Engineer: 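Pasting a structure below so you can have a look.
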2 protein chains.
Amino acid sequence: MPAGFTVDEMKRVDEVVEKRRRIKQGELLFSNGEAFTSLYAIRTGFFKTCVTSADGREQVTGFQMAGEIIGMDGIVSDHHNCNAVALEDAEVCEMPFASVEDLSRELPGLQRHVHKIMSREIVRENSVMMLLGNMRAEERLAAFLLNLVQRLHARGLSQSELVLRMTREEIGSYLGLKLETVSRAFSKFSEEGIIEVKQRHVKIIAPEALKKIFNPQTYF
Amino acid sequence: MPAGFTVDEMKRVDEVVEKRRRIKQGELLFSNGEAFTSLYAIRTGFFKTCVTSADGREQVTGFQMAGEIIGMDGIVSDHHNCNAVALEDAEVCEMPFASVEDLSRELPGLQRHVHKIMSREIVRENSVMMLLGNMRAEERLAAFLLNLVQRLHARGLSQSELVLRMTREEIGSYLGLKLETVSRAFSKFSEEGIIEVKQRHVKIIAPEALKKIFNPQTYF
DNA sequence: GTAGTCATTTGATATGCATCAAAGACTATT
DNA sequence: AATAGTCTTTGATGCATATCAAATGACTAC
């Protein structure tokens, strides 16, 4: 995945991948408390990560798709600090973290890549905090849809159409909203002609309108 | 800071520190958009980090104290993605990130330490997401106070008394609440005899009660 | 010491989202 | 094709927190 390697280096990076693992929809890739050994590169499929409070409340902390890395929550304590659940049948590459560290001591490019991935996650979570702390329901959903479609587009998929892999409840958990509120926001966008919604199929008709909702100030 | 080094290794780690920098209360250690060059180890003082939305809303993403590292938000894009403001006169050690990377390629202990620091930040932000997404005002404040006093205690300070370095508004921003709500929650805790509040001086009278508020379920 | 500023508290009211409830739509199973 | 189960939508109502407002208290600069 990182660029700028020689053929030989690339080969060594590939060798870090210990094995492929298939995860069926609904199954856990790893769970809270489990010993941490590896990072996982998602090859296909879609995951959610979530944390649970002592009294059982669940907070979805992220949705991850092909090409993204999960498991970094486990490094600090050698145990995972969240659950990773496949939202559709998935395949991941298991990368033992000890091997990643060994090789990244030899390849500065890999080392930098690992640091960037973790930094990116920190920055992403910063913006989620902004969402949860300051935005209203429709702003949150607009931001969510724009982010999702942007990531899908970067993978060669449509800029305007997407299939949600998660329920309204999971979207709500991620955005700090109840499922009914998410549903109402979808309906509102739909009535306003901004999107078309048919179950989990969403078509973005007016991306500009979504951006405007996400960030009203830009348009003054 | 990391343990398990020989005297010689320790010396090399120390040499990564390029210089000390003093930051006066209210001043920026770094700001959003600024080129990223270094991580900073806080020697003395107290910081907040915050992000700002395009329309000017501010979200405090964390409070950092002596012994903690800030700046990791800048690695991903070579530019900082938040502001770091000193809430009291402070002194930091500047550690050029290129040197950190160079040395951590040689010292696996340092490499692991860097990874853990970043992972810890990811996990911390996960719990803030839980706070913002699922908890009510008093639960958030209880969690905040417990976290703060625990970190201070780890630094040899009191388990029960603390001086807040931030305003009610900054606490509110961190917790996704308005300053009035924070103030009311303080008053409520105070009326109930859980804490004593005199301006920014807080004395925790009944830590158990705070823990119970934070996590009611444990006590059933 | 005094004026001025900023931070905090407290009260009254408003509002956005949660909660409760029920019906409808889709999916899987038999 | 019928049935059960899950997910989603929509409506009615309630509540936690935001908003607006004003008073008080602390701190700063002169």
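Computed from a predicted structure; not experimentally measured.
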Engineer: DNA chain C: A/Gln199 or A/Gly176, which has the more 5' nearest nucleotide?
Structural biologist: A/Gly176
Engineer: When we call it a touch if two heavy atoms are under 4.0 Å apart, what does A/Leu177 touch: a base, just sugar-phosphate, or nothing?
Structural biologist: sugar-phosphate
Engineer: One pair to check against ring-ring contact (aromatic ring centres under 6.0 Å, His included): B/Phe63 and B/Tyr174. What are the steps and the verdict?
Structural biologist: CA-CA 9 Å; B/Phe63 296 108; B/Tyr174 183 58; 5.2 Å; yes
Engineer: Mind checking if B/Gly172 touches a base, just sugar-phosphate, or nothing, with heavy atoms under 4.0 Å?
Structural biologist: nothing
Engineer: What's A/Glu180 touching, base or sugar-phosphate or nothing? Going by heavy atoms closer than 4.0 Å.
Structural biologist: base
Engineer: Between B/Phe30 and B/His80, is the ring centre distance below 6.0 Å?
Structural biologist: yes
Engineer: Taking only the side-chain nitrogens and oxygens of B/Ser187, find out if one of them lies under 4.0 Å from OP1 or OP2 of C/dT10.
Structural biologist: yes
Engineer: Go through the N and O atoms of the side chain of A/Arg184 and the base of C/dG16, and report whether any donor-acceptor pair is under 3.5 Å.
Structural biologist: no
Engineer: Kindly indicate whether a cation-pi arrangement holds for A/Arg168 with A/Phe186, taking the cut-offs as under 6.0 Å to the six-membered ring centre and within 45° of the axis.
Structural biologist: yes
Engineer: Report the nucleotide, chosen from D/dT9, C/dT8, D/dT17, that has the shortest atom-to-atom distance to any side-chain atom of B/Thr181.
Structural biologist: D/dT17
Engineer: Return the value, rounded to whole Å, for the distance between atom CD1 of A/Ile195 and atom C1' of D/dT8.
Structural biologist: 14 Å
Engineer: Roughly how many Å is it from CG in A/Leu175 to P in C/dC17, rounded to a whole number?
Structural biologist: 12 Å
Engineer: Which whole-number value in Å describes the distance from A/Leu179 CG to C/dA18 P?
Structural biologist: 10 Å
Engineer: How close or far is atom P of C/dG16 from atom CE of A/Met135, stated in whole angstroms?
Structural biologist: 17 Å
Engineer: Examine the side chains of A/Asp89 and A/Gln25 and answer whether a donor and an acceptor come within less than 3.5 Å of each other.
Structural biologist: no
Engineer: Write down the distance between CG (B/Leu141) and P (D/dA16), rounded to a whole number of angstrom.
Structural biologist: 17 Å
Engineer: Can you find a side chain N or O atom of B/Arg200 that sits less than 4.0 Å from OP1 or OP2 on C/dT8?
Structural biologist: yes
Engineer: For B/His201 and C/dT9, give me the distance from atom NE2 to atom P, rounded to whole Å.
Structural biologist: 13 Å
Engineer: Would you say B/Arg168 reaches C/dT9's phosphate, i.e. side-chain N/O to OP1/OP2 under 4.0 Å?
Structural biologist: yes
Engineer: Starting at NZ of A/Lys178 and ending at P of D/dA16, how long is that distance when rounded to a whole Å?
Structural biologist: 14 Å
Engineer: Under 4.0 Å, counting only non-hydrogen atoms across every strand here, what does A/Ser183 touch: a base, just sugar-phosphate, or nothing?
Structural biologist: base
Engineer: How would you label the contact of B/Arg136 with the nucleic acid (heavy atoms, under 4.0 Å): base, sugar-phosphate, or nothing?
Structural biologist: sugar-phosphate
Engineer: Quick one: B/Arg57 CZ to D/dA18 P, roughly how many Å, whole number?
Structural biologist: 14 Å
Engineer: Taking the basic N atoms (NZ, or NE/NH1/NH2) and the acidic carboxylate oxygens, is any pair closer than 4.0 Å for A/Arg21 and A/Glu91?
Structural biologist: no
